[in-house]
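Heads up: the structure comes next, in structure tokens.
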Amino acid sequence: FPTMSTSAPRRLIYNYDAWGPFIRPQTIEDLRENVQLFDGSQVTTVMLGPNFGQSMCYPSEVSEMCHWREHTPEEKKEFHHRMGPRFARASEWVAEKWRKDGVDAFGALVQGVVDNGLEAFATIRMNDVHCLVLEDRKGPYTDKFYRDHPDYRLQQSGGLNYAIPAVRAHRIACFEEMVRRYPFKGMELDFVRGVPFFPGDNPPNDPHEGEHPITYPRDYSEGYCPIMTGFIGEIRAMFDRVGQELDRKIELCVRVGSSLSGCRRVGLDPIDWHERGYLDFLTVGRFLQIQYELPISSFKRALPGLPVLTTIDSYLTCEGQHFVSVYPRDASAEMFRGAAAALYAQGSDGISLFNMYVCRGNNRDSAGKEWAHLEPREIMSEVGDPVTLEGTAKLYVVDAVSPLFNHPFVDPQSGLPGEASPRFPLVTKMFVGEKNAVTRKCVLRIRTNKPMLAVQLTVQVNGHGLGLGAPATTSQLFAEPYDQTVPEPERSRDFLVNGGHLIYGENEIVVLAAEPLTITNIEMSVTD
């Protein structure tokens, strides 16, 4: 079975991103309760996001705190509409605690993590464009540096251009302030949040294509790799210098997209960073979606000896694009367990739970139904180790292209949706992390884009036929009370899988249909 890159203890990271810990609290004591939820769990590390957009959620002397001025009722209404009322209120609460009460809520959060015996890391969105377009790019998530230098912004996104030395210098000054001000164990540079970082090696002459402005980098930024590598080296040197002064090691890690070549396309070269000794560990992930397959082995071959962790997000790809909440199919406990087990089977050295909290901020729908809920916290005592995942109920999934968060410029494309017909079978793969699958009940579900009625399907797993299957009687294999996209059972067919035919790791699945069908989902439940 795959082993860890090093003998270092396995990390289970809870990434609170930015707004998460501030969504529900009314007092600082409430805030501390958001840290105490990790008591008795396998969580080792809590990552806290200090930046909202280009602004900070603490009283920075280098940058500027969010909500730097009072807003008119009209501006506030638009801000709440763009962010969602619960997330908007969370950042307003942070600003109010400082300006009205003189309380640094972010600092209290960091100290609470440390007091509870956990590692506290800062996680930096390397380019965050939340609400930057508001008020002619002078909204609540801008800082003075951003507002004063429109020439430092990227045309594609409005984010900062790291090719400009002043931008890099400003960022390093912010980072040094953070590690001096707060007892962080280290800092994560999150490059998944978000591309682009550079203008492109060959920017188009015309900023518009037809009637649609270019909003995403069309051209390679590989030529900027040396600049970003130099920047990472400066950060590493600053951490070493400050760490020596403060008598503590300050770790540096990065989160990058799910392709080494995709990294180079946007000006990132983690291979070079590792070879120069800049990194303590690296996390691979995709933008705001659970992926059961990630190129862990490729990264580990290219970065020998470096711990390579993987992200599990809080949203599973679903069909359609119009929902009450941005995250229409919230991850269930079974999904978290299945994704963790699948990633461990591919060699992951640890797990980062990213945006798991976000379901706390879901909105009500037009009928008044409440979609906000707590995350499935029981999994924090299970997904930190493959051993504790054994024997738990899991949902394994063949990854599908997300209609919401697909970044083809950076990430490889998933195999679903896919076509199956009498002459051309759909051939795909599912990663499974069951070492004793022969003792489990395994049900494979095939879902199509329309009711199958009497269409005959032939399915094989690792060359073993599964018979004709049976029509599904439920919309999902497990109960999902917060799924906004409940599919009709008539579109699904279930097949019983002999666990003895499953492989720990990659499994081949072949679907052949008596008439052309579009396969949208392939999922498998594993239970006692």
Side-chain angles (χ1 to χ4, degrees), residues 4-6 8-21 34-50 109-110 112-114 116-126 178-179 182-193 249-258 270 279-291 294 296 299 303 306-315 331 333 335-337 339-344 346-358 375-386 388-389:
M4 293 182 65
S5 294
T6 72
R10 195 188 301 275
R11 277 185 166 106
L12 176 60
I13 298 170
Y14 190 101
N15 191 316
Y16 250 137
D17 203 11
W19 296 271
N34 279 343
V35 174
Q36 293 166 355
L37 66 90
F38 306 120
D39 290 351
S41 75
Q42 295 173 330
V43 172
T44 62
T45 309
V46 181
M47 289 197 172
L48 304 169
L109 185 66
V110 177
V113 171
V114 174
N116 272 42
L118 301 172
E119 295 179 331
F121 272 67
T123 177
I124 309 298
R125 295 167 167 179
M126 294 302 285
M178 290 175 207
V179 296
Y182 302 114
F184 285 121
K185 170 77 171 179
M187 182 176 290
E188 175 190 71
L189 308 179
D190 188 351
F191 289 101
V192 179
R193 310 293 297 272
K249 175 178 171 58
I250 302 173
E251 295 191 16
L252 176 62
C253 58
V254 296
R255 190 170 83 109
V256 296
S258 62
L279 303 180
D280 290 286
F281 64 93
L282 174 145
T283 303
V284 180
R286 293 186 68 151
F287 188 75
L288 294 179
Q289 55 188 296
I290 294 179
Q291 290 290 122
L294 288 170
I296 303 164
F299 274 84
L303 309 168
L306 186 73
V308 175
L309 287 69
T310 46
T311 298
I312 300 178
D313 218 294
S314 62
Y315 150 74
M335 293 177 199
F336 280 112
R337 296 186 195 115
L343 294 170
Y344 283 134
Q346 295 165 73
S348 181
D349 292 326
I351 298 294
S352 177
L353 299 169
F354 189 89
N355 262 16
M356 188 178 174
Y357 70 85
V358 79
E375 60 270 43
R377 296 177 177 181
E378 66 272 20
I379 65 99
M380 289 187 275
S381 297
E382 300 167 338
V383 302
D385 195 307
T388 49
L389 280 168

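Keep in mind that this is a model prediction, so the values were computed, not measured.
Partners of Asn116 by side-chain hydrogen bond (donor to acceptor under 3.5 Å, both in side chains), not counting sequence neighbours, listed by chain and number: Asp39. Considering only residues two or more places apart in sequence or on other chains, Phe287 meets the ring-ring contact (aromatic ring centres under 6.0 Å, His included) condition with Phe405, His407. With sequence neighbours excluded, the residues forming a salt bridge (charged side-chain N to carboxylate O under 4.0 Å, His left out) with Arg125 are Asp17, Asp128, listed by chain and number. The side-chain hydrogen bond (donor to acceptor under 3.5 Å, both in side chains) test applied to Thr388 returns Gln42, not counting sequence neighbours. For Phe191, the ring-ring contact (aromatic ring centres under 6.0 Å, His included) partners at least two apart in sequence or on another chain are Phe197, Trp273. Under the rule for a side-chain hydrogen bond (donor to acceptor under 3.5 Å, both in side chains), the partners of Arg255 that lie at least two apart in sequence or sit in another chain are Asp190, Thr311.
The line from CG of Leu309 to OG of Ser348 is 5.5 Å long, rounded to the nearest 0.5 Å. Once rounded to the nearest 0.5 Å, the distance linking CD1 of Ile290 with OH of Tyr315 reads 10.5 Å. Residue Lys185 holds its NZ atom at 7.0 Å from CZ of Phe121, rounded to the nearest 0.5 Å. Rounding to the nearest 0.5 Å places CG of Leu12 at 8.5 Å from CE of Met380. Here the straight-line distance linking atom OG1 of Thr45 with atom CD1 of Ile13 works out to 5.0 Å at 0.5 Å rounding. Atom CD1 of Ile351 is separated from atom OG1 of Thr310 by 3.5 Å, given to the nearest 0.5 angstrom.
Nearest approach of Ala340 to Val383, heavy atoms of both residues: CB-CB, 3.8 Å. Closest of all the heavy-atom pairs between Gly285 and Val192 is O-CG2, 4.2 Å. Taking every heavy atom of both residues into account, Ile124 and Pro50 meet most closely at CD1-CG, 3.5 Å. Across all non-hydrogen atoms, the minimal contact from Gly40 to Ser381 is O-OG, 3.8 Å. Contact detail for Val35 and Gly112: the closest heavy-atom pair is CG1-O, 3.6 Å. Contact detail for Asp280 and Glu251: the closest heavy-atom pair is OD2-CA, 3.2 Å.
In terms of modelled atom types and a separation under 3.5 Å, the side chain of Asp349 and the main chain of Val308 share a donor-acceptor contact. Of the possible donor and acceptor atoms, one in the side chain of Tyr344 sits under 3.5 Å from a partner among the backbone N and O of Gly384. In this structure, the side chain of Thr123 does not engage the main chain of Gly49 through any donor-acceptor pair within 3.5 Å. Checking side-chain atoms of Tyr16 against main-chain N and O of Asn34 turns up a donor-acceptor pair under 3.5 Å. Judged purely by atom type and a 3.5 angstrom limit, Ser258 has no side-chain atom pairing as donor or acceptor with the backbone of Arg286.
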Inset, instruction - Any chance you could lay out the side chain to side chain contact (heavy atoms under 4.5 Å, CB included) test for Asn355 and Glu375, step after step, and finish with the verdict? - result: CA-CA 10 Å; Asn355 262 16; Glu375 60 270 43; over 6 Å; no

Inset, instruction - Decide yes or no on side chain to side chain contact (heavy atoms under 4.5 Å, CB included) for Met47 and Phe354, but give the supporting numbers first. - result: CA-CA 9 Å; Met47 289 197 172; Phe354 189 89; over 6 Å; no

Inset, instruction - Show your reasoning for whether salt bridge (Lys or Arg N to Asp or Glu O under 4.0 Å) applies to Arg11 and Glu188. - result: CA-CA 14 Å; Arg11 277 185 166 106; Glu188 175 190 71; over 6 Å; no

Inset, instruction - Take Arg337 and Ile379 through the test side chain to side chain contact (heavy atoms under 4.5 Å, CB included) and record every step on the way to the result. - result: CA-CA 7 Å; Arg337 296 186 195 115; Ile379 65 99; 4.2 Å; yes

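The closest side-chain heavy-atom distance from Pro307 to Arg10 is not below 4.5 Å. Val110 places a side-chain heavy atom less than 4.5 Å from the side chain of Phe184. Leu303 is not listed as a side-chain neighbour of Leu279, based on a closest heavy-atom distance of 4.5 Å or more. Glu382 places none of its side-chain heavy atoms less than 4.5 Å from the side chain of Phe336.
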